Structures are given as C-alpha cells and as structure tokens.
Amino acid sequence: MLKIGLIGFGFMGRMHFDNYVRLMEEGCPVTLTAICDPRIEELKDGKAGGNMTTAREVYDLSAYNLYTDLEEMLANEQLDVIDIAAPTYLHAEMACSLLERGIHVFCEKPMARHSVDAWKMVETAKRNGRKLMIGQCLRFWPGYEYLKDVVDSGKFGQTTEGYFYRGSGAPKEWFLDEKLSGGCIMDMHIHDTDMINYLFGKPEKVSTLGRNVLPGSGYDIASTHYYYKDGKVINAQVDWTLKGDFGFYMGYRVNFERGNVVFDGSRVKVNPNDGPGFTPEISPDAGYYRELDYFLDAVIHDKPVAVCTPESAAESLELVEAEIESADAQGEWVKLV
C-alpha cells in the first residue's frame, strides 16, 4: 500500500485530493495519509476558486494528518509518493529535495519557474532512481488523446493547420506576480505549448505577440506561431483577462489533408473530407484523474513514465521561455536550440 502526501491545498491540491479519494474508493492500493500547507487551517474551511469545480464545498480533513511545515511532515510520516501542488516557484527545490530522500514525485505544471531548474529535477530523479512526472494533464485529457491518435495514426493524412485556445478570468494572489508564476504564458498557455510539442515535436522557432493588462503579472494575453519545416501552420492563443460570465474555455481545431477535428472543451467532432461528420465516444473522465491513475500505476508496477516524461516537460518549459523572449522582442522569431 503506497502512502501519499499532498503539498498544497489550494484549487489544484483539492482537485488532486478529490481524485485520490476516488482512486482509493475504486480499490487502488494507495492511501492519502498527510496534507501539508502553511494555511491548512484556513483553507480546509473554505472553497478554493479555479477553472473547474472541485467535488466539495468544504472538506472534512479529520481523517488525515495535517501539517503546516514540510519538514515536520517528512519527520513524522513514512511516505512513498508526494504530490506537489504548491506555487510554481517552489516546485524545483521541493521536488529535488524529495527525490534525494527516495520519494517518488508527482509535480503540478509548470515544472519549474525556470527550465534550468527543471533539468535539475530530471537529473535528480535519474540519479536517485525515483519516478518524476509533471501534471501536463492535457496529455491524459480524452479530447486531446483522441487528437494524438489521429496525428500519430495518419488516418486523415498529414497535419496542415492547427489552432489551440484557452481563456478565463484572471487568477489571484501569487499568480499575478510575474516573477513567481511566469505570467499567463508560463502558467496557463503552457498546456497548449506542451500539447503542440507532444503532438508535432519541437518546432524550429517561435514567434509570440503578448500584452500586459494587469500590472506586474507579465503577459496576460498572447498568441504564438510555431514554425515547422513541413509548412504546417500552428498557432496557440491564451487570455486570462476575460471578465463577465465567460468562465473558462479550452479547445482546438486541427486540419488534415483528408479531414479536420474540432474540440470545444467537452465534445470532439470529426469532419472527414469524403464523408459525414461524427462524434467519437471518448472517456468521460478528466485528465486530472487519468494522469494520477497513470502515475500511481507506474510506481506500483515499476513501469517507466512514458506518456509524460520529465524530459519532455522540461523541453516544453524551454519552448515557453522562447515564447516569452519573442514577446519581449515584439514577435521576433526565436530559434530553439
């Protein structure tokens, strides 16, 4: 029975908590034992806001060991896996320390605030023989998994064009400090950048236009073009300044030589060039659940973390840094090493 510790009990921490509870109820041989957050007493009695709804309004944490200090949790618990849902700027130091102690780590995206630290995480996991996976959840999101299958199988031929978009209202607190979060491009847009890297491989260069709206938050709106030698036209846009009743949206439209695939956040629609369109059946489960199920299975059965290697997540972070560099230069093309 794997013992799990959770660091961070904001929106993502609660989302992970909900899915650990579900996995335990389904018979997965794990137990969520301890939760650590400096504000745990405050957070356990309130609702954390986020892009999606968590399973509970108020959380009963009486069955768990609660800590406000990570070192205290580590001194008192024998943990096999720790899930890091803490702010971005804490990821690298926490992950490396835990990996050095022989603990497997699941870490939320972005992998780190800077790619140089992400590669340190990769090296530390290798050196200590521990598993490390980053929560790039779109790789496990059914609507995006379907697109991955279409791209890899070539059932509609080669990709000619792709457009990816995500938007929401602005987050709060440390997210709006560019030095801590990296801004909208690093925190939110990285989902689509990672998916483009996963689907099509690393582009040769990127060109990004960005705009700051909220003081100190970095780029809040951005649009990136990704250059590939085969000529496919790939673009991704992000905006976290959408107010009113907009809520949250993510989706894509990808065109192929013999058809196109569109995802509106909930439903995939496939439009072959030579036949009627159809809606394929996809799993109703969200990527948050499926990524944790995958990672825990890899730990339990000592399988490689192949769908979302830490190396690929670090590479996606390098892509995002190139996009920010391009935005700083008003859209100039930035080559990837």
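Just so we're clear, the structure is a prediction, and the values are computed from it rather than from any experiment.
Using cut-offs of 30° and 60° for the angle between ring planes, the F11 and Y288 rings count as perpendicular.
Cation-pi geometry between R113 and Y89 is not met at under 6.0 angstrom from the ring centre and within 45 degrees of the axis. Judged by the 6.0 Å and 45° rule, K269 forms no cation-pi pair with F263.
The pair D194-R139 meets the salt-bridge criterion, since a charged nitrogen lies less than 4.0 angstrom from a carboxylate oxygen. Ion pair R101/E71 flagged as a salt bridge, since at least one NZ, NE, NH1 or NH2 atom sits closer than 4.0 Å to an Asp/Glu carboxylate oxygen. Look at D230 and K232 and you find a salt bridge, because one of the NZ, NE, NH1 or NH2 atoms lies within 4.0 Å of a carboxylate O, short of that distance. Look at E173 and R39 and you find a salt bridge, because one of the NZ, NE, NH1 or NH2 atoms lies within 4.0 Å of a carboxylate O, short of that distance. Remark: E204 engages K229 in a salt bridge, criterion side-chain N to carboxylate O under 4.0 Å. Ion pairing of E161 with R253 is present here, as a side-chain N (NZ or NE/NH1/NH2) and a carboxylate O approach within less than 4.0 Å. Under the 4.0 Å criterion applied to side-chain N and carboxylate O atoms, D297 and K303 are assigned as salt-bridge partners. Ion pairing between a basic and an acidic side chain is recognised when a charged N comes within 4.0 Å of a carboxylate O; K126 and E311 show such pairing. A salt bridge does not link R290 to D293: none of the charged nitrogens lies less than 4.0 Å from a carboxylate oxygen. Ion pair K202/E315 flagged as a salt bridge, since at least one NZ, NE, NH1 or NH2 atom sits closer than 4.0 Å to an Asp/Glu carboxylate oxygen. Residues R166 and D239 are not paired through a salt bridge, judged by the lack of any N-O separation under 4.0 Å between the basic side chain and the carboxylate.
K155 NZ: more than 12 foreign heavy atoms inside a 6.0 Å radius. In E26, the CD atom is crowded: over 12 heavy atoms of neighbouring residues, nucleotides or ligands sit closer than 6.0 Å. For R258, the CZ atom sits in a packed shell: over 12 heavy atoms of surrounding residues, nucleotides or ligands are nearer than 6.0 Å. A 6.0 Å sphere centred on CD of E332 holds no more than 12 heavy atoms belonging to other residues, nucleotides or ligands. Around atom CD of Q78, no more than 12 heavy atoms belonging to other residues, nucleotides or ligands sit under 6.0 Å away.
When ring centroids are compared, Y64 and F17 come within the 6.0 Å threshold. Annotation: Y294 is in aromatic contact with F140 [ring centroid separation under 6.0 Å]. For Y226 and F200, the ring centers are positioned 6.0 Å apart or more. Ring-centre distance between H189 and Y219: not below the 6.0 Å cut-off.
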Please step through ring pair (Phe, Tyr, Trp, His ring centres under 6.0 Å) for the pair F175 and W240, ending with a clear verdict.
CA-CA 11 Å; F175 288 100; W240 71 9; 7.1 Å; no
Please test Y163 against N255 for side-chain hydrogen bond (donor to acceptor under 3.5 Å, both in side chains), starting from the C-alpha separation and ending with a verdict.
CA-CA 9 Å; Y163 170 70; N255 196 15; over 6 Å; no
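There is a side-chain donor-acceptor pair under 3.5 Å between E321 and S115. Side-chain polar atoms of Y59 and D18 form a donor-acceptor pair below 3.5 angstrom. Between the side chains of S326 and D328, not a single donor N or O lies within less than 3.5 Å of an accepting N or O. S217 and D177 share no side-chain donor-acceptor pair at under 3.5 Å. Between the side chains of E100 and T124, no donor-acceptor pair of N or O atoms lies under 3.5 Å.
Looking at S316, its side chain does come within 3.5 Å of a backbone N or O of S312 through a donor-acceptor pair.
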